[in-house]
Trainee: 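Here it is: the structure, laid out below.
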Amino acid sequence: MPLHLYNTLSRRKELFTPIDPARVTMYVCGPTVYNYVHIGNARPVVVFDTVYRLLAREYPKVIYARNITDVDDKINAAAQAGGVDISEITGKYTRIYCEEMAALNTLPPTIEPHATQHIPQMIAMIQELIAGGHAYAAEGHVLFHVPSYADYGKLSGRAREDMIAGARVEVAPYKKDPADFVLWKPSTPDLPGWDSPWGRGRPGWHIECSSMIETHLGNSIDIHGGGHDLIFPHHENELAQSTCAHGGKLYVKYWMHNGFLTMDKEKMSKSLGNIVRVHELLDQAPGEAIRWALLSAHYRQPLDWSDDTLTQAKRTLTRLYTALEQAGDVPAEAAAAPAGVVEALSDDLNTPKAMAEIASLAGALNQATGPAKAKLKGELIAAGALLGVLQRSPQDWFAAVGANKAIDSAEVERLIAARAAARAAKDFAGADRIRDQIAALGVVIEDRAGKTTWRAAE
RNA sequence: GGCCGAGUGGCAGAGUGGCCAUGCAGCGGAUUGCAAAUCCGCGUACGUCGGUUCGAUUCCGGCCUCGGCCUCCA
């Protein structure tokens with residue numbers, strides 16, 4: 001089956017046909033860098049990394065941009081609270097973010113544009129919007145005039161009347177229409193700002209993404225992704241301003257939004273304080289296990305996070321790596337990912353189904369003999385590559401699982417040798433006692449093919 | 001209030017108008033000195049009430065419960 005993706009705009013799965021097959025473009029909203037990210041923030045990154053892998057398999061050139069928002073009131077607040085320069089905050093957390101995402105086996109995007117490096121482009125776009133009658137300056141602000149775009153509300157499925165009726169925020173006096181949103185706002189001397197035709201100020205949130213997309217990807221792009229909560233107002237506003245700035249040209253062909261990660265069924269968010277940070281989880285499990293856990297539910301479904309989620313992911317990966325390890329006597333044959341896995345992913349990224357296929361593949365590998373074994377091994381690794389897992393040696397995996405435990409490997413080896421001696425002497429009671437000692441160290445041993453191997457227990 | 005989504009076996013989580021998801025956990029067996037790993041087998045799962053149908057967890061309608069967005073937010 002050719003690739004189908006669910007489009008938020010049409011509310012249905014659509015056949016994916018790129019605007020230009022020679023240059024497929026995807027943009028995903030990245031983080032505001034003012035603190036460590038939580039596991040919910042990592043979900044879209046892993047999801048769209050998987051989309052990226054799938055696209056790259058099919059198209060020769062895929063340009064994937066993921067931005068860094070490095071100008072924001074929260075950054076200003078963090079800098080002020082710490083008594084440091086803003087760049088210190090953004091630099092630190094950008095670096096940490098990139099490291100953490102890499103630990104989740106996400107490929108680096110083609111481009112990681114920073115908002116502060118696109119101020120002139122933002123100003124230019126705002127000027128075009130003013131010239132086109134879609135925006136106006138007022139009291140140092142520039143606002144997008146929502147009634148100037150007839151299709152406003154189409155993406156989020158909101159009627160104007162409902163929005164006005166539901167408006168809970170006091171409307172700023174300089175707004176011509178309550179729904180108008182900020183493109184540019186004035187800065188005080190102690191805040192970061194740039195000179196502009198409207199005085200010293202800084203950009204509004206939505207214009208950043210529109211501008212970076214225009215700069216790096218073009219007027220029309222294939223896929224725009226992000227979390228569900230970005231549909232309104234962020235993506236709705238982006239859609240309005242970009243479409244208006246480009247004379248009505250198509251802005252995004254496929255809008256994709258991932259569902260939320262919840263904690264006890266409630267949205268994980270910094271404001272609720274129920275967050276689990278990625279760097280904390282990386283102390284508990286390899287990034288690969290976190291990735292597997294994030295992909296274990298379909299991306300549009302909610303995923304409730306618990307300790308058990310991660311434990312199960314670890315166990316499943318251990319089973320898969322064990323299958324690879326047991327096939328260690330044959331080299332992996334160069335193979336393409338099996339059709340079942342590709343089919344599942346092509347159906348709007350059905351990762352749970354792809355995982356089920358991978359599990360059957362591992363089962364088949366465990367039973368295989370002869371040439372089939374090398375082929376299945378290659379297929380399992382190729383399938384894993386599409387999901388961004390199973391790309392290391394089983395030994396590396398077992399070591400990584402035990403990495404957060406202090407295991408004295410020399411002691412383990414000594415005990416294994418002692419047990420081997422006891423077994424050779426048919427002193428099984430003694431051998432079992434030694435095995436209990438080994439287990440007490442948090443180590444599982446396996447006697448296979450005349451050899452004893454060991455790995456860390458979970 | 002408006003818009004959107006969800007309710008599947010002990011847990012996680014796909015999917016389908018009639019037959020198997022898959023993984024973890026559990027039980028039984030094979031294998032093993034015993035284990036571990038692996039393999040085989042097992043368990044009357046689809047919120048609720050109606051409707052359509054030869055047949056519905058799957059389609060339609062009502063209801064209940066939960067969550068999200070409407071304000072910064074992945």
Side-chain angles (χ1 to χ4, degrees), chain A residues 8 11 28-32 37-48 72-74 77 153 156-159 161-170 179 205 225-234 236 257-262 264-272 275 292-293 295-306 308-309 311-320 322-323 325-326 344 347 350-363 365-367 422-423 426-429 431-432 435-436 438-439 443-449 452-455 457:
Chain A
T8 306
R11 279 155 243 280
V28 175
C29 290
T32 301
V37 295
H38 60 70
I39 182 68
N41 296 303
R43 191 175 189 190
V45 182
V46 167
V47 163
F48 290 103
D72 183 271
D73 289 348
K74 276 178 289 200
S156 55
R158 264 160 238 269
E161 310 79 68
D162 298 338
M163 286 188 283
I164 293 164
R168 282 185 264 152
V169 191
E170 209 174 306
W205 177 34
H228 213 257
D229 57 343
L230 294 182
I231 296 172
F232 191 90
H234 187 231
E236 190 74 71
H257 297 280
N258 62 275
F260 275 106
L261 203 106
T262 57
D264 299 321
K265 308 286 181 196
E266 250 188 338
K267 175 181 174 176
M268 185 181 286
S269 77
K270 283 169 188 163
S271 40
L272 287 174
I275 61 170
W292 185 270
L295 293 174
S296 67
H298 183 86
Y299 78 93
R300 285 192 280 118
Q301 296 300 119
L303 171 62
D304 200 46
W305 190 268
S306 69
D308 208 41
T309 314
T311 304
Q312 288 212 2
K314 254 196 283 188
R315 281 188 199 169
T316 305
L317 282 169
T318 290
R319 174 179 140 84
L320 299 177
T322 301
E325 192 206 14
Q326 303 221 33
D347 182 13
N350 193 335
T351 49
K353 199 172 182 188
M355 288 170 159
E357 294 286 337
I358 286 176
S360 330
L361 215 52
L365 176 60
N366 281 329
Q367 294 180 76
R423 290 177 74 208
K426 304 260 187 241
D427 173 16
F428 294 121
D432 289 350
R435 186 171 56 209
D436 290 343
I438 295 172
V443 169
V444 179
I445 57 171
E446 297 172 16
D447 299 327
R448 243 187 293 145
T452 298
T453 58
W454 68 275
R455 61 186 164 84

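Chain letters run A, B, ... following the sequence lines, proteins first and then strands; every chain starts at 1.
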Trainee: When the distance from CD of A:Q326 to C1' of B:rU31 is rounded to whole Å, what number comes out?
Mentor: 13 Å
Trainee: Measuring only the P atom in each nucleotide, how far is B:rC63 from B:rC69? A whole number of Å is fine.
Mentor: 24 Å
Trainee: Would you give the length of the straight line joining atom CD of A:Q326 to atom CZ of A:R448, rounded to the nearest 0.5 angstrom?
Mentor: 4.0 Å
Trainee: Need to verify one output field. Residue with the more 5' nearest nucleotide on RNA chain B, A:K265 or A:D229?
Mentor: A:K265
Trainee: Grab the CG-C1' distance between A:D447 and B:rU32 for me, whole Å please.
Mentor: 9 Å
Trainee: Using whole Å, report how far CG of A:D427 lies from C1' of B:rG33.
Mentor: 12 Å
Trainee: Starting the side chain at C-beta, find the nucleotide from B:rC72, B:rA74, B:rC70 nearest to A:L261.
Mentor: B:rA74
Trainee: Can you measure A:I231 atom CD1 to B:rC69 atom P for me and round it to whole angstrom units?
Mentor: 11 Å
Trainee: Just how far, in rounded Å, is C1' of B:rA6 from NE2 of A:H298?
Mentor: 13 Å
Trainee: Which part of the nucleic acid does A:K426 contact within heavy-atom distance under 4.0 Å: base, sugar-phosphate only, or nothing?
Mentor: nothing
Trainee: So A:D432, base contact, sugar-phosphate only, or nothing? Heavy-atom distance under 4.0 Å.
Mentor: base
Trainee: Taking only N and O in the side chain of A:N366, is any of them less than 4.0 Å away from OP1 or OP2 of B:rU38?
Mentor: no
Trainee: Apply salt bridge (charged side-chain N to carboxylate O under 4.0 Å, His left out) to A:D229 and list each qualifying residue two or more places apart in sequence or on a separate chain.
Mentor: A:K267
Trainee: Any base atoms under 4.0 Å from A:K267, or only sugar-phosphate, or nothing? Heavy atoms, all strands.
Mentor: base
Trainee: Within the structure provided, determine whether A:M268 and A:I39 are in side-chain contact (heavy-atom separation under 4.5 Å).
Mentor: yes
Trainee: Among all residues two or more places apart in sequence or in another chain, which pass the salt bridge (charged side-chain N to carboxylate O under 4.0 Å, His left out) test with A:D308?
Mentor: none
Trainee: Hey, does A:I438 have a side-chain heavy atom less than 4.5 Å from the side chain of A:W454?
Mentor: no
Trainee: Measure the distance from NE2 on A:H234 to P on B:rC70 and round it to the nearest whole Å.
Mentor: 13 Å
Trainee: Closest to the A:A431 side chain: B:rA74, B:rG13, B:rG33?
Mentor: B:rG33
Trainee: Separation of A:Y299 atom OH from B:rG68 atom P, in whole Å?
Mentor: 21 Å
Trainee: Determine, for A:R455 against A:E325, whether the closest basic-nitrogen to carboxylate-oxygen distance falls under 4.0 angstrom.
Mentor: no
Trainee: In terms of the nearest nucleotide of RNA chain B, which residue is placed more toward the 5' end: A:P31 or A:R448?
Mentor: A:R448
Trainee: With heavy atoms under 4.0 Å as the rule, sort A:G40 into base, sugar-phosphate or nothing.
Mentor: base
Trainee: Where the side chain of A:L303 is defined as all heavy atoms beyond and including C-beta, which of B:rG13, B:rA37, B:rG33 is the nearest nucleotide?
Mentor: B:rG13
Trainee: Can you tell me, in whole Å, how much space there is between the C1' of B:rC64 and that of B:rC49?
Mentor: 10 Å
Trainee: Apply side chain to side chain contact (heavy atoms under 4.5 Å, CB included) to A:A297 and list each qualifying residue two or more places apart in sequence or on a separate chain.
Mentor: A:R43, A:L303
Trainee: What's the gap between B:rC40 and B:rG62 when it is taken at their C1' atoms, as a whole Å value?
Mentor: 47 Å
Trainee: Among the nucleotides B:rA74, B:rA14, B:rG68, which one has an atom lying closest to any side-chain atom of A:N350?
Mentor: B:rA14
Trainee: What's the gap between B:rA35 and B:rC20 when it is taken at their C1' atoms, as a whole Å value?
Mentor: 32 Å
Trainee: So what does A:R300 touch, heavy atoms closer than 4.0 Å: a base, only the sugar-phosphate, or nothing?
Mentor: nothing
Trainee: Please tell me which of the listed nucleotides, B:rC69, B:rC34, B:rA74, lies nearest to the side chain of A:F260?
Mentor: B:rA74
Trainee: Supply the atom-to-atom distance A:L365 CG to A:T322 OG1, rounded to the nearest 0.5 angstrom.
Mentor: 11.0 Å
Trainee: Please evaluate residues A:D447 and A:R423 with respect to the criterion side chain to side chain contact (heavy atoms under 4.5 Å, CB included), reporting the C-alpha separation (whole Å), side-chain torsions for both, the decisive distance (0.1 Å), and the verdict.
Mentor: CA-CA 11 Å; A:D447 299 327; A:R423 290 177 74 208; 3.4 Å; yes
Trainee: Which whole-number value in Å describes the distance from A:E446 CD to B:rA36 P?
Mentor: 10 Å
Trainee: Answer yes or no: does a side-chain N or O of A:Q367 lie under 4.0 Å from OP1 or OP2 of B:rC40?
Mentor: yes
Trainee: Side chain of A:R435 only, please: which of B:rA35, B:rG2, B:rC72 is the nearest?
Mentor: B:rA35
Trainee: Reading RNA chain B 5' to 3', what string of ( ), [ ], | and . shows its pairs, if Watson-Crick and G-U wobble pairs count only when both distances fall under 3.5 Å?
Mentor: (((((((..(((.....[...))).(((((.......)))))....(((((..]....))))))))))))....
Trainee: Tell me, do A:R319 and A:T316 make a side-chain contact under 4.5 Å, heavy atoms counted?
Mentor: no
Trainee: Rounded at 0.5 Å granularity, tell me how far CD in A:Q312 sits from OG in A:S306.
Mentor: 8.0 Å
Trainee: Got a list of protein N/O to nucleotides 21-27 of chain B N/O distances below 3.5 Å?
Mentor:
unit_1 : atom_1 : unit_2 : atom_2 : d
B:rG23 : O2'    : A:T316 : OG1    : 3.0
B:rG23 : N2     : A:Q312 : OE1    : 2.8
B:rG23 : N2     : A:Q312 : NE2    : 3.4
B:rC24 : O2'    : A:R315 : NH1    : 3.1

Trainee: Distance check, C1' atoms only: B:rA25 and B:rU48, in whole angstrom units.
Mentor: 29 Å
Trainee: Please measure how far the C1' atom in B:rU16 lies from the corresponding atom in B:rA45, and state the result in whole Å.
Mentor: 14 Å
Trainee: What residues form a side-chain hydrogen bond (donor to acceptor under 3.5 Å, both in side chains) with A:T453, not counting sequence neighbours?
Mentor: none
Trainee: Would you mind classifying the nucleic acid contact of A:L230 as base, sugar-phosphate or nothing, using non-hydrogen atoms under 4.0 angstrom?
Mentor: sugar-phosphate
